Amino acid sequence: MVSLNFGRELRLLAPSQFDNVFQHPFRVASPLFTILAKPNQLAHPRLGLTIAKKRVKLAVQRNRIKRCVRDSFRLHQHQLPGVDLVLMVKGDISNTPNSELLQQLERLWSKIARQYIALQSS
RNA sequence: UGAGUUGGCCAAGACAAUCGCUGCUUGCGUAAGCAAGGGGAGGAAAGUCCGGGCUCCACAGGGCAGGGUGCCAGGUAAUGCCUGGGAGGCGUGAGCCUACGACCAGUGCAACAGAGAGCAAACCGCCGAUGGCCCGCGCAAGUGGGAUCAGGUAAGGGUGAAAGGGUGCGGUAAGAGCGCACCGCGCGACUGGCAACAGUUCGUGGCACGGUAAACUCCACCCGGAGCAAGAUCAAAUAGGCCCUCUAUGGCGCGGCCCGCGUUGAGGGCGGGUAGAUUGCUUGAGGCUUAGGGUGACCUAAGUCCUAGAGGAAUGAUUGUCACUCUGGCAACAGAGAACAGAACCCGGCUUAAUGGCCAACUCACUUU
RNA sequence: AGGGGCGUAGCCAAGCGGUAAGGCAGCGGGUUUUGAUCCCGCCACGCCCAGGUUCGAAUCCUGGCGCCCCUG
């Protein structure tokens, strides 16, 4: 049985960790999200979230999106290599239902895994 | 039955399965952690508009600014809140609404229109009694008529948001609170009320004291400054330098200003260099029940309960079953919907956002007995 | 958490109790063979929204909405 926990070691905690990812990442995108990724030296991925107040006005909606993303990441963490991820929201997605968010995220995780392999071999 | 008013309550509902997050208690463990148990968003958590608690700074005291509130009484830790009452307004009614002190302390403002707009004013109009003018009668004193010069007049027209009480009678040359009656208004007394205020009460004044203070202002009352990034504790690293300038009727504390009080360097540039953790942190002007007091807000007493504490920031996701509402359908069923919105030191209010439901009391209309 | 400012025509804006200046753009006309320039005219039933004060509000007051900036 593999662990599906989402403890603190799987998150980006400090501003410096975020800045590190922003510097030379590769990026993966879907109509709703942009994910910046950068290989770390760890055996597991780490996730950070950036949802601008300008894009999503209401705190309730921002919380909903965060929970969705975190849960999807938690369930798919073992498909992902050792990368630091920063997820950003592109537009106003307050009206998008959870099911669609989850679909898009699933595609993004596999994209990241493929790009990571391509990067390592080049 | 329908329409409505007021007050209160609830709120993506219940159950199950799987996978998570978080802090609390217990057990094991040196520790990291693991296991079990029982918790985990709101009525507005929002806006940050008021009022407090708490914490630090300042504080002998006083003055001047500045800000706020504004019918009266009560409640409260306090308020700009709430309750009760008064006055005014709205509604058939239950009820609802109101920044509601003072322009006889002073200063200001009122475009355009209009004759006149602030110790009122004659454009049209009315009159022209009185003094002149002209004509007739008369010897004369005088008398009758005419126009309107002086003049009188705020009834009527017209202007304006606003033109200095209303109606009627008398009065007059025409008029006019000029006089009178009633109504209204001001002032004083008396009575009721803690008071605001009220009165088929009495007396008195012929009678504006116009509007505007969300204009300056005056009056009464209130207000020291910051905010949990407040503040406290612990530990580590670096530095403890150099240069220039200014000054003691100076600088700083002092964050509105002044008197005053305390303190003694201050400012600029260069160089060097940084690491945070813990606490504050949830038990409180607390909730619930009962009894008592009060019209009520609320207060008192007894019993009982513990009910979120995150930190790139938890309070969730997926699936199934059953409920709720709407649409389609005879039905089985199918589809859609389920508001506003997410704690960050804590309370009391206000305001704003928004959907459905439940309960109680009351009002109006109709029907039945 | 605390503080400051703005919102007026499609754009830039002045006005801060008494008829909403001005410029650019646009539209119509004139001048010109045509165009540019130039000249004339038109263009806000209303000043972010909702109440209130006032005879009268873009302006004053109250509440809300949106945007921008500053301090830590």
Side-chain angles (χ1 to χ4, degrees):
Chain A
M1 180 77 199
V2 291
S3 166
L4 293 177
N5 287 8
F6 183 62
R8 297 182 65 78
E9 68 278 1
L10 295 180
R11 307 183 200 177
L12 296 179
L13 296 173
S16 60
Q17 295 171 334
F18 275 80
D19 289 342
N20 183 44
V21 176
F22 280 122
Q23 258 153 32
H24 298 289
F26 64 90
R27 62 175 64 217
V28 176
S30 80
L32 300 180
F33 302 108
T34 300
I35 296 182
L36 305 179
K38 191 177 189 183
N40 58 18
Q41 309 309 315
L42 304 167
H44 53 80
R46 292 191 299 185
L47 178 70
L49 299 170
T50 304
I51 301 174
K53 206 172 184 178
K54 215 163 188 172
R55 301 245 186 264
V56 184
K57 299 270 185 205
L58 296 177
V60 174
Q61 297 302 326
R62 287 198 298 275
N63 280 344
R64 184 176 68 88
I65 293 159
K66 283 183 190 173
R67 285 163 182 158
C68 267
V69 173
R70 268 199 291 265
D71 205 56
S72 177
F73 174 82
R74 185 174 62 77
L75 295 170
H76 295 89
Q77 57 178 288
H78 295 292
Q79 301 174 12
L80 292 168
V83 287
D84 284 348
L85 305 171
V86 174
L87 179 135
M88 302 168 80
V89 169
K90 276 174 141 174
D92 187 0
I93 59 174
S94 303
N95 298 319
T96 314
N98 286 357
S99 56
E100 194 176 331
L101 295 184
L102 292 173
Q103 262 185 23
Q104 290 213 10
L105 287 166
E106 227 168 293
R107 264 181 247 137
L108 285 170
W109 304 138
S110 55
K111 262 193 196 174
I112 289 167
R114 267 182 277 133
Q115 286 217 13
Y116 178 77
I117 293 165
L119 204 69
Q120 295 300 95
S121 57
S122 68

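Quantities reported herein were computed from a predicted structural model and do not represent experimental measurements. Every chain is numbered from 1, with letters handed out A, B, ... down the list of sequences.
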Rounded to whole angstrom units, what separation is found between the [atom1] atom of [X] and the [atom2] atom of [N]?
X: A:R46; N: B:G312; atom1: CZ; atom2: P; value: 13 Å
X: A:L49; N: B:C21; atom1: CG; atom2: P; value: 16 Å
X: A:I51; N: B:G312; atom1: CD1; atom2: C1'; value: 11 Å
X: A:L85; N: B:G312; atom1: CG; atom2: P; value: 18 Å
X: A:E100; N: B:A317; atom1: CD; atom2: C1'; value: 17 Å
X: A:F6; N: B:A317; atom1: CZ; atom2: C1'; value: 13 Å
X: A:R70; N: B:C19; atom1: CZ; atom2: C1'; value: 15 Å
X: A:R64; N: B:A314; atom1: CZ; atom2: C1'; value: 18 Å

Syn/anti label of [N] as read from its glycosidic torsion, with the cut at 90° from 0:
N: B:G131; result: anti
N: B:A230; result: anti
N: B:G43; result: syn
N: B:U282; result: syn
N: B:U274; result: anti

Any strand counts, and the cut-off is 3.5 Å on both contacts for Watson-Crick or G-U wobble. Which nucleotide pairs with [N]?
N: C:C42; value: C:G26
N: B:U5; value: B:A361
N: B:G37; value: B:C24
N: B:G171; value: none
N: B:G84; value: B:C72
N: B:G93; value: none
N: B:A147; value: none
N: B:C330; value: none

For nucleotides [N] and [M], find the distance between their [atom1] atoms and express it as a whole number of Å.
N: B:U153; M: B:C178; atom1: P; result: 11 Å
N: B:U5; M: B:G93; atom1: C1'; result: 10 Å
N: B:A308; M: B:C346; atom1: P; result: 13 Å
N: B:C54; M: C:C60; atom1: C1'; result: 40 Å
N: B:A3; M: B:A94; atom1: C1'; result: 13 Å
N: B:C254; M: B:C59; atom1: C1'; result: 11 Å

Does the side chain of [X] get closer than 4.0 angstrom to OP1 or OP2 of [N] through an N or O atom?
X: A:R11; N: B:G311; answer: no
X: A:R67; N: B:U315; answer: yes
X: A:N63; N: B:G316; answer: no

Spatial distance of atom [atom1] ([X]) from atom [atom2] ([Y]) [nearest 0.5 Å]:
X: A:Q79; Y: A:E106; atom1: CD; atom2: CD; value: 7.5 Å
X: A:L12; Y: A:L47; atom1: CG; atom2: CG; value: 7.0 Å
X: A:N63; Y: A:C68; atom1: CG; atom2: SG; value: 11.5 Å

Tell me if a side-chain donor or acceptor on [X] pairs with a main-chain N or O of [Y] at a distance below 3.5 Å.
X: A:R27; Y: A:A37; value: no
X: A:S72; Y: A:V69; value: no
X: A:K66; Y: A:T50; value: no

Does A:D84 come within less than 4.0 Å of A:K38, counting only side-chain N to carboxylate O?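 Salt bridge absent between A:D84 and A:K38.
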
Base, sugar-phosphate or nothing for A:T50? Non-hydrogen atoms, less than 4.0 Å.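 A:T50: base contact, heavy atoms under 4.0 Å.
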
For A:L12, which contact category applies under a 4.0 Å heavy-atom criterion: base, sugar-phosphate, or nothing?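 Sugar-phosphate, backbone atoms only, no base.
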
Side chain of A:D71 only, heavy atoms from C-beta on: which candidate in B:U318, B:G316, B:G342 is closest?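 Looking only at heavy atoms from C-beta outward on A:D71, the closest nucleotide is B:G316.
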
Quiz question: going by heavy-atom distance under 3.5 Å, is there a donor-acceptor pair between the base of B:C21 and the side chain of A:R74?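 Side chain to base: no pair below 3.5 Å.
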
Is it the case that the side chains of A:R64 and A:Q61 hold a donor-acceptor pair, with the cut-off being a distance below 3.5 Å and no angle test?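 Note: A:Q61 and A:R64 side chains meet the donor-acceptor criterion.
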
